[in-house]
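By convention here, the first residue in the shown sequence is residue 1. What you see is a predicted model; the values in this text were computed from it and never measured.
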Amino acid sequence: MEPQDQSISADEIALYDRQIRLWGMQAQSKIRGANILLVTFKALANEIAKNLVLAGIGTLTIIDDAVATEEDVGAQFFLTNDCVGHNRAQAAVESIRSMNPNVKVFADASSVASQSPEFFGRFDVTIATELDFSMYNTINAACRIAGRKFYAAGLHGFYGFVFSDLISHDFVIERAKPNVPPATQESPTRSILNITTKQENDKLIELVTKREVYSPMLLANTSPLPEELTRNPRRKKLVTPLLSCLRALWEFQKGSQGRLPAGSHQDLVEFTRIAREVHQELRLDITTLDETFLRTFLQNLGSELSPVAAFLGGKLAQDVINVLGGREQPLQNLLLYDADKNFGPIYALHPFFPMEMGNPMPAMAPVANPIPLNGQPGVGPM
């Protein structure tokens with residue numbers, strides 16, 4: 001174990017002993033100082049909050065202007081029947097604090113759509129959940145202007161996603177020293193900055209500092225799939241149609257003031273048209289987007305399933321912990337989850353034009369007149 005960091009008390013060392021042994025005192029100290037914003041407190045956000053608070057972050061602020069309903073109580077473990085009619089974030093704060101008194105937890109009952117870009121600069125990481133596409137992009141742009149890390153996540157019954165824009169992120173991995181010198185450019189988005197070595201139990205261990213550069217959600221959403229997927233017929237056929245449906249959902253929301261498709265014939269026809277166009281733009285086999293999947297996806301919109309939320313909430317929180325500690329490979333950049341098939345692929349989506357490594361893409365201006373939140377859902381342990 002690394003030498004004790006004097007900023008962490010003996011009680012905290014005892015409390016976090018297991019995870020300190022996993023990622024070290026220095027990483028735990030970074031996690032302990034983190035200030036995180038969580039947007040929209042529904043089922044998925046419940047799981048994210050639980051995992052981050054138990055990991056020992058410094059401060060968690062939850063912003064949500066919605067009032068708790070009976071449906072919220074049924075999907076969230078931080079709320080009780082007494083919370084119905086009260087602000088969703090404020091009603092949950094005491095229960096969250098009780099999980100780890102070392103973490104400061106605050107509730108903000110204002111609308112996230114009313115916040116200025118400067119608001120997001122106060123936080124190290126912003127995690128936006130259950131919003132429409134316009135609002136995700138507005139927050140992502142504000143985080144980029146402030147140089148802050150951003151995650152977006154959402155849940156629709158059996159389906160869900162996590163997107164990350166860390167702008168430019170450096171991290172360290174430990175590995176046995178290979179016989180062949182590694183390439184300095186590991187992928188279009190990942191490069192090696194530095195390598196040092198240490199001796200450990202008669203083994204030579206490398207400490208490799210890497211850098212990942214990211215694209216904002218607005219560009220990632222219109223980016224092609226990596227060529228290694230589309231040029232290989234077998235791998236192309238395995239690409240989940242959930243990607244096309246999610247993009248189609250966001251495209252539909254652009255023209256419908258952020259709402260989800262309803263059960264009307266007009267909405268179903270429009271969504272199906274968009275989904276098939278997106279599928280073809282991604283150069284995927286149209287037979288992999290059948291009517292059964294389209295129907296199932298539409299039937300799941302807006303619903304919450306605890307096991308799916310548990311998986312997504314755990315994955316997202318673990319990635320945030322890794323990013324804060326500067327350890328392990330971070331998510332790059334879109335995780336999709338299909339619980340029906342127990343399938344969770346990750347796709348690295350970036351524009352055609354190259355980005356100079358180590359020089360992240362410039363910040364984008366916030367989207368004008370952001371669409372207000374429409375109260376979509378989000379649950380689960382790591």
Going through the distances and angles, do K30 and D124 end up as a salt bridge (charged side-chain N to carboxylate O under 4.0 Å, His left out)?
CA-CA 11 Å; K30 292 177 181 178; D124 301 305; over 6 Å; no
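- Connection of I192 to I173 is established within a shared hydrophobic cluster, with ILVMFWY side chains joined at heavy-atom distances below 4.5 Å, either directly or through further cluster members.
- In this structure, the side chains of T184 and S191 stay at 4.5 Å or more apart for every pair of heavy atoms.
- Ring geometry for F271 versus F297: interplanar angle under 30°, hence parallel rather than tilted (30 to 60°).
- Annotation for E70 and V84: closest pair N-CG2, 4.1 Å, computed over non-hydrogen atoms.
- For the 3.5 Å distance criterion, the side chains of H350 and S223 fail to qualify, holding no donor opposite an acceptor.
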Going through the checks in order, is the side chain to side chain contact (heavy atoms under 4.5 Å, CB included) test met by F343 and L242?
CA-CA 10 Å; F343 186 46; L242 179 56; over 6 Å; no
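- Under the 4.0 Å criterion applied to side-chain N and carboxylate O atoms, R144 and D165 are assigned as salt-bridge partners.
- Rounded to the nearest 0.5 Å, atoms CD (Q318) and CD1 (I48) are 13.0 Å apart.
- When every heavy atom of V103 is checked against every heavy atom of I57, the shortest pair comes out as CG2-O, 3.1 Å.
- Classification of R295 and D290 as a salt-bridged pair fails, no side-chain N sitting under 4.0 Å from a carboxylate O.
- Under the 6.0 Å cut-off for aromatic ring centres, F163 and Y347 do not qualify, their centroids lying 6.0 Å or more apart.
- Two residues are said to be in side-chain contact when any heavy atoms from C-beta on lie closer than 4.5 Å; T126 and R148 fail this criterion.
- When all heavy atoms are compared, the tightest approach of L349 to P224 is CD2-O, 3.7 Å.
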Determine whether K149 and H169 satisfy the following criterion, side chain to side chain contact (heavy atoms under 4.5 Å, CB included), listing intermediate values before the conclusion.
CA-CA 9 Å; K149 303 181 189 306; H169 175 65; 3.6 Å; yes
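- Separation of atoms CG (L38) and CG (L52) is listed at 7.5 Å; rounding is to 0.5 Å.
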Given N300 and L298, is the side chain to side chain contact (heavy atoms under 4.5 Å, CB included) satisfied, shown in steps?
CA-CA 5 Å; N300 275 265; L298 288 166; over 6 Å; no
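- Residue F106 holds its CZ atom at 10.0 Å from CG of L60, rounded to the nearest 0.5 Å.
- Of the possible donor and acceptor atoms, one in the side chain of D267 sits under 3.5 Å from a partner among the backbone N and O of A262.
- Between L289 and C245, the shortest heavy-atom contact is CD1-SG, 3.9 Å.
- Both L249 and L335 are members of a single hydrophobic cluster when ILVMFWY side chains are connected at heavy-atom separations under 4.5 Å.
- Legend: residues meeting side-chain contact (heavy atoms from CB on, under 4.5 Å) with T69, ordered by chain and number and at least two apart, are E71, D72.
- For the residue pair E206 and T197, no side-chain donor N or O sits within less than 3.5 Å of a side-chain acceptor on the partner.
- The pair K198-E174 counts as a salt bridge, with a side-chain nitrogen and a carboxylate oxygen less than 4.0 angstrom apart.
- Side-chain contact check for R97 versus K104: every heavy-atom pair is 4.5 Å or farther apart.
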Take K237 and T287 through the test side chain to side chain contact (heavy atoms under 4.5 Å, CB included) and record every step on the way to the result.
CA-CA 9 Å; K237 209 161 183 77; T287 61; 3.6 Å; yes
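- Taking CG of D340 as the reference point, atom OH of Y159 lies at 5.5 Å (rounded to 0.5 Å).
- Put simply, the side chain of I346 does not reach to within 4.5 Å of the side chain of N333, judged on heavy atoms.
- F78 and V67 fall into different hydrophobic clusters, where Ile, Leu, Val, Met, Phe, Trp and Tyr side chains are chained together by heavy-atom contacts under 4.5 Å.
- The main-chain N or O of V125 is never found under 3.5 Å from a side-chain atom of Y151 such that the two would form a donor-acceptor pair.
- The CG atom of L260 sits 6.0 Å away from atom NE2 of H156, with the distance rounded to the nearest 0.5 Å.
- Contact check for V278 versus E251: no side-chain heavy atoms found under the 4.5 Å cut-off.
- The two residues P261 and L301 have their closest heavy-atom pair at CD-CD1, 3.6 Å.
- Between the side chain of D64 and the backbone N or O of F41, at least one donor-acceptor pair lies under 3.5 Å.
- Hydrophobic clustering of Ile, Leu, Val, Met, Phe, Trp and Tyr side chains at less than 4.5 Å, counting indirect connections, keeps V172 apart from V208.
- Of all heavy-atom pairs spanning S164 and L331, the tightest one is OG-O, 2.9 Å.
- Side chain of T40 to main chain of T129: a donor-acceptor pair is present (N/O by atom type, distance under 3.5 Å, no hydrogens or angles).
- Side-chain atoms of F133 and N221, non-hydrogen and from C-beta on, do get closer than 4.5 Å to each other.
- Annotation: side-chain contact (heavy atoms from CB on, under 4.5 Å) contacts of E270 (sequence neighbours excluded): F252, R273, I274.
- Judged purely by atom type and a 3.5 angstrom limit, S187 uses its side chain to pair as donor or acceptor with the backbone of R190.
- Ion pairing between a basic and an acidic side chain is recognised when a charged N comes within 4.0 Å of a carboxylate O; E228 and R235 show no such pairing.
- More than 12 heavy atoms of other shown residues, nucleotides or ligands fall within 6.0 angstrom of atom CD in Q199.
- Under 3.5 Å, the side chains of S116 and E118 contain a donor-acceptor pair of N or O atoms.
- F171 places none of its side-chain heavy atoms less than 4.5 Å from the side chain of R327.
- Put simply, F77 and I62 are part of the same group of oily side chains (I, L, V, M, F, W, Y) that touch within less than 4.5 Å, one to the next.
- Taking the six-membered ring for Trp and the full ring otherwise, the centers of F161 and Y337 sit at least 6.0 Å from each other.
- Side-chain contact annotation: Q76 with N46, donor-acceptor N/O pair under 3.5 Å present.
- K50 is listed as a side-chain neighbour of M99, based on a closest heavy-atom distance under 4.5 Å.
- Here the OG-CG distance, from S134 to L218, works out to 9.5 Å after rounding to the nearest 0.5 Å.
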